[in-house]
Amino acid sequence: MSTPAASGNLMEAIVSLAKRRGFVFPSSEIYGGLNGFFDYGPLGAELKKNIRDCWWNDMVRRRDDVVGLESSIIMHPKVWEASGHVAGFTDPLVDCKVSKQRYRADQLFFSPVVVDGKVAGYVSALESENTAGELQTLAETFKRKKAIQGALAPVVAKDMTEAKPEEIALIPSPATGEPGSLTPPRAFNMMFETYVGALRDASSVSYLRPETAQGMFVDFKNVVDTGRVKLPFGIAQIGKSFRNEITPRNFIFRSREFEQMEMEYFISEDADWAKAHEDWISWCETWLKSIGLPASHLSRYAHPKEKLAFYSKGTVDIMFQYPFGVQELWGIAARGNYDLTQHANASGKPMEYFDEASKKKFVPHVIEPAVGVDRIFLAVLCAGYAEEEVKDEKGAVEKRTVLRLSPRIAPVKVAVLPLLKNKEQLVAVAQKLYAKLKRKYAVFYDESGAVGRRYRRQDEIGTPWCVTIDFDTVEKDGTFTLRERDSMQQKRITEAELFALLDEQVY
RNA sequence: GCGGCUGUAGUUUAGUGGUAAAACCUCUGCCUUCCAAGCAGGUGUCGACAGUUCGAUUCUGUCCAGCCGCACCA
């Protein structure tokens, strides 16, 4: 059985394998690396492309109701004002210099303690179901401890974004209870800024997109007018997005440059959004299984209603059990008609759809499944990585590292191996088969070393099959050995059978 | 961003105030009739920059990167 070590070691083993075999490198490594950025090596580029292609084929080409889009990475700055990202991505944070705690300024509340009309001090509390009540209790305790006489005025709760500079020094830290250690709120905008054109001034500021979704909303009318689409329909896009994360963590799970696969599925305002939502959630689950993620590692997390943005009708995340914990893989959000309405208002251009059947004009609602290619990439590595103990002929136990990648996404589908490289007739047949296969599939040819070593090499990069050309191939019936990665079983098949197998499994 | 730990070859590690080693990997040749065999040979390394020193991979500082914890995560 597979014995992937404890979770910490499993991540180390995967990072190490990714580097060793050319899946993922740290970005700019010769200059010491750059936190939050990664390069995909020869095999990684193949694997990533396969994930993208599978998604695009299944989401766009094989569906009649979804069309593709490729919008620009830098868009008009007003896009991000309308979408709420300029405001929403600026989370002011407050640090406590003593306790080293960090708080979101809009979740840290304070109030002056006013006795007989005079400010005697301040109290603070973190946002809760009863923030005002907590502050009131704290204020009463404060008054009692300081033995101040007089009438206590009701507290007035404000959050730290509203604190005046002179107040900040007087507000106690929730961690220590003592004033003087809190910093003023500092903004951490997660959007990368740049300047368009020669002038570097405020008027030329623009942003690298923090999500691809806005491209679909901004081009909504263009697609409706030209794409011959009818509700319900979706617009899908694959592309790079950028977020200046405070702390990139967990290898490629959270990075600053990443690739998204998003789709906006527009439905009528009268449609059963809950059903459409559920349909897309299960579509996404089915798709993840189709590229080899085991159901046992997948779960759902429905965001609690009270945590949702006001416009959101519901968000369900498909979670994946990574070695470092159960984390979000694919978010499927029912966003109402918020985004289109925002852009209609901000741009002054109508975003309505005229429905011929009902003769009604309305702003469509939307279901948004959004997933990161890099997160899927990491998930398939984590799910597929296994270290096995296998016995050789003499019964000695040795370790086999194998990457169980689905044939759909494996970077190499078949390795072609002549049994011996110093036998010309074997090499000739192998190379001929290799040439034939590589017109259609990603194939690898390897003749160096013992055949067992070559099998193991392919195991480690996730190649599902190896075919070995031996003397029977040349001297007898032309069949060759098909060696299967997961079972290590071998059988003899013909060339036609090999092509049929690939045709069925690689789609 | 804060705190702790860490940084030697592609990987995993040893080691030293006098410019470094092993295993595996990789490459070449020989051999090899199905699961990391053997033999011979080759490539490749002290995270970066300063300081102390006659001399720094080793000591000190700063930076960078990684891991863990906290906080953050539209």
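The basis for the numbers below is simple: all heavy atoms, side chains too, and nothing from hydrogens, waters or symmetry mates. Here is how names work: the chains are called A, B, and so on, in the same order as the sequence lines, proteins then strands, and each is numbered from 1.
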*asked:* Do A:Leu482 and A:Gln490 make a side-chain contact, defined as non-hydrogen atoms from C-beta onward lying under 4.5 Å apart?
replied: no
*For residues A:Glu495 and A:Phe480, determine if any side-chain heavy atom of one lies less than 4.5 Å from a side-chain heavy atom of the other.*
yes
*So which heavy atom on A:Ile73 is nearest to which on A:Phe242, and how close?*
CG2-CE1, 3.7 Å
_Any side-chain donor near an acceptor of the partner, A:Gln260 and A:Ser241, under 3.5 Å_ = yes
Do [X] and [N] have a side chain to base donor-acceptor pair shorter than 3.5 Å?
X: A:Arg456; N: B:C35; value: yes
X: A:Thr247; N: B:C72; value: no
X: A:Arg453; N: B:A36; value: no
X: A:Arg483; N: B:C35; value: yes

On a whole-Å scale, what distance lies between the [atom1] atoms belonging to [N] and [M]?
N: B:G10; M: B:U26; atom1: C1'; answer: 8 Å
N: B:A40; M: B:U32; atom1: C1'; answer: 16 Å
N: B:G42; M: B:G55; atom1: P; answer: 35 Å
N: B:G1; M: B:A56; atom1: P; answer: 32 Å
N: B:G18; M: B:U57; atom1: C1'; answer: 12 Å
N: B:C35; M: B:U28; atom1: P; answer: 23 Å
N: B:A9; M: B:A48; atom1: P; answer: 11 Å
N: B:A65; M: B:A23; atom1: P; answer: 34 Å

*Can you tell me if the side-chain N/O atoms of A:Lys19 get under 4.0 Å from OP1 or OP2 in B:U11?*
yes
*Quick one: is A:Arg457 getting a side-chain N or O under 4.0 Å of the B:U26 phosphate, OP1 or OP2?*
yes
*Could you tell me whether A:Asp459 and A:Arg400 have a side-chain N and a carboxylate O separated by less than 4.0 Å?*
yes
_So that I can tick it off, tell me whether A:Glu389 and A:Lys399 are bridged by a salt bridge, with the cut-off set at under 4.0 angstrom between side-chain N and carboxylate O._
no
Rounded to the nearest angstrom, tell me the gap between atom [atom1] in [X] and atom [atom2] in [N].
X: A:Lys491; N: B:C34; atom1: NZ; atom2: P; result: 21 Å
X: A:Glu447; N: B:C27; atom1: CD; atom2: C1'; result: 13 Å
X: A:Arg454; N: B:C27; atom1: CZ; atom2: P; result: 12 Å
X: A:Gln489; N: B:C34; atom1: CD; atom2: C1'; result: 13 Å
X: A:Phe23; N: B:U11; atom1: CZ; atom2: C1'; result: 15 Å
X: A:Arg20; N: B:U13; atom1: CZ; atom2: P; result: 12 Å
X: A:Ile14; N: B:U12; atom1: CD1; atom2: P; result: 14 Å
X: A:Asp446; N: B:C34; atom1: CG; atom2: C1'; result: 14 Å

_Taking side-chain contact (heavy atoms from CB on, under 4.5 Å) as the criterion, tell me which of A:Asp219, A:Thr212, A:Val218, A:Ile238 meets it with A:Leu69._
A:Asp219
_Using the rule salt bridge (charged side-chain N to carboxylate O under 4.0 Å, His left out), only one of A:Glu388, A:Glu387, A:Glu484 pairs with A:Arg404; which is it?_
A:Glu388
*Hey, can you tell me if A:Phe324 and A:Phe253 have their rings parallel, tilted or perpendicular (30° and 60° cut-offs)?*
perpendicular
*Kindly assign one of parallel, tilted or perpendicular to the pair A:Phe217 and A:Phe266, based on the angle between their ring planes and the thresholds 30° and 60°.*
perpendicular
*Does the A:Thr463 side chain pair with the main chain of A:Trp465, one donor and one acceptor, at a distance under 3.5 Å?*
no
*Regarding A:Lys48 and the six-membered ring of A:Phe377, is the cationic atom NZ or CZ under 6.0 Å from the ring centre and inside 45° of its axis?*
no
*asked:* For A:Tyr455, does the six-membered ring have the charged nitrogen or CZ of A:Arg483 within the cation-pi criterion, i.e. under 6.0 angstrom from the centroid and within 45° of the normal?
replied: yes
*A:Leu420, nearest nucleotide to its side chain (from B:U32, B:G10, B:A36)*: B:U32
*Which residues pass the salt bridge (charged side-chain N to carboxylate O under 4.0 Å, His left out) test with A:Glu193, sequence neighbours left out?*
none
*Classify the nucleic acid contact of A:Glu29 as base, sugar-phosphate or nothing, counting any heavy atom under 4.0 Å across all strands shown.*
nothing
*Give one of base, sugar-phosphate or nothing for A:Ser16, where a contact means two heavy atoms less than 4.0 Å apart.*
sugar-phosphate
*If you find the nucleotide of RNA chain B closest to A:Arg21 and the one closest to A:Thr468, which residue's nucleotide is nearer the 5' end?*
A:Arg21
Could you go over nucleotides 5-9 of chain B and give all protein N or O partners under 3.5 Å, atom names and distances?
none

Donor-acceptor pairs are to be reported for all side-chain atoms of residues 422-432 of chain A against protein atoms at under 3.5 Å, with residues two or more places apart or in another chain.
none

With 3.5 Å as the limit, what N/O pairs link the protein to nucleotides 28-31 of chain B?
none

*Quick one: stems for RNA chain B, with Watson-Crick or G-U pairs under 3.5 Å, at least three in a row?*
B:1-7 with B:64-70, B:10-13 with B:21-24, B:26-30 with B:38-42, B:47-51 with B:59-63
Polar atom pairs (N or O), protein with nucleotides 61-67 of chain B, under 3.5 Å:
residue	atom	partner	partner atom	Å
B:C64	O2'	A:Gly32	O	3.2
B:A65	OP1	A:Asn35	N	3.1
B:A65	O4'	A:Gly32	O	3.1
B:G66	OP2	A:Asn35	ND2	2.5

*Would one find more than 12 heavy atoms of other residues, nucleotides or ligands at under 6.0 Å from atom NZ of A:Lys313?*
yes
